[in-house]
Trainee: 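First the structure, then my questions, so here it is.
In listed order, ligands and their atoms are each counted from 1.
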Amino acid sequence: MPELVEVSQLSFRYQDSRRWILKDLNLNVKSEEILLLAGSSGCGKSTLLRSINGLIPHMYSGEYKGAVTVAGSLVKDTQMNVLAQKVGLLFQNPENQIFMFSVERDIAFGLENLGVPEPEIRKRVDDAMMLLGISQLAKRAPHELSDGQKQRVALAGVIAMQPKLIILDEPTSLLDPKTASELVALVDRLRRETGITFVVVEHRLDLLTKIADRIAVMSEGSIVLDGSPSAVLSDERVQGYGINVPAITKLQQSLKRDGLQLSSRILSPKELAEELNLNA
Ligand SMILES: Nc1ncnc2c1ncn2[C@@H]1O[C@H](COP(=O)(O)OP(=O)(O)OP(=O)(O)O)[C@@H](O)[C@H]1O
Ligand SMILES: [Mg+2]
């Protein structure tokens, strides 16, 4: 599959910071891939995401070296309103992304800003609500909704822009475990049904390893590990980078080291139990 995002030798430091936050960073993301970006707090994950969606260098000033291209456009030479149609960003807190009087007006907001014709807006908003299962919320006031519903409204606003790539920065951190796993299942379904590519920063690896095709681990402004979830999580260095390997994955790995024939895919607790039963 073609590369959708190419980050090449990217270095960045914020205006008032003496430290380089990103250092000669290289990363590619393929079309229709779900990439999980992991790394300890402060290593530069959100800074990298901002560099992919164009907030850096268009909104945050600083010193910038290297190149980022998204769907063939060089981010630093492309206007934000053009980038907004290629890359959508879902903030950690949906409160920062919803503000209007009704759910449907909120979802339409980005399209109105772009001057998309009204009938086209109507259609895209309806399609996005249908896709996310929130059509019945159309007339509701966003601030009356649950956290999980707010997140879907914010995501519908992003989807309505028909981006090729959606970036999620810690999307489950404000959600309870059930709503969090529903969101993860939704991302998986959206990728399958729409072919949208996802880059997700998330500390809850147990949720994301199930749907991620790849994990890239960041440390001090660079990508230090990059590979399939099972390859990255079984790498001895991973814990040194502050990554919490899910307990179930550790168990699976230690059973394999003991000589048990197990799938090399990362298994959920239920799947592991099934494999063990078959192997018994
Ligand atoms: N607007 C800014 N101006 C100056 N420094 C910043 C700015 N935003 C972030 N930084 C600094 O850049 C470094 C990386 O921050 P960033 O938010 O990218 O980390 P992160 O990996 O997303 O962390 P977390 O997991 O806690 O969200 C930190 O030292 C932070 O203080
Ligand atoms: Mg962050």
Trainee: Could you give all pairs that pass the ring-ring contact (aromatic ring centres under 6.0 Å, His included) test and reach residues 109-163, with sequence neighbours left out?
Mentor: Phe99-Phe109
Trainee: Is it possible for you to check whether Arg191 lies under 6.0 Å from the centre of the six-membered ring of Phe198, through NZ or CZ, and within 45° of that ring's axis?
Mentor: no
Trainee: Taking salt bridge (Lys or Arg N to Asp or Glu O under 4.0 Å) as the test, write out the residues that go with Asp169, two or more places apart.
Mentor: none
Trainee: Please list, by chain and number, the protein residues whose heavy atoms come under 4.0 Å of ligand 1.
Mentor: Tyr14, Arg19, Ile21, Ser40, Ser41, Gly42, Cys43, Gly44, Lys45, Ser46, Thr47, Arg50, Tyr60, Glu170, His203
Trainee: With no hydrogens and no angle check, just 3.5 Å: does a side-chain donor-acceptor pair link Ser73 and Lys86?
Mentor: yes
Trainee: What count do you get for protein N/O/S atoms less than 2.8 Å from the Mg ion (ligand 2)?
Mentor: 1
Trainee: Hey, is the main chain of Ile196 close enough, under 3.5 Å, to the side chain of Thr194 for a donor-acceptor pair?
Mentor: yes
Trainee: About how many Å separate NZ of Lys65 and CG of Asp24, when rounded to the nearest 0.5 Å?
Mentor: 7.5 Å
Trainee: Give me the atom names and distance for the closest heavy-atom approach of Met218 to Leu25.
Mentor: CE-CD1, 3.7 Å
Trainee: For the atom pair CG (Asp106) and CZ (Arg140), what is the distance rounded to the nearest 0.5 Å?
Mentor: 13.5 Å
Trainee: Salt bridge check, Lys178 against Glu182: does any charged N sit closer than 4.0 Å to a carboxylate O?
Mentor: yes
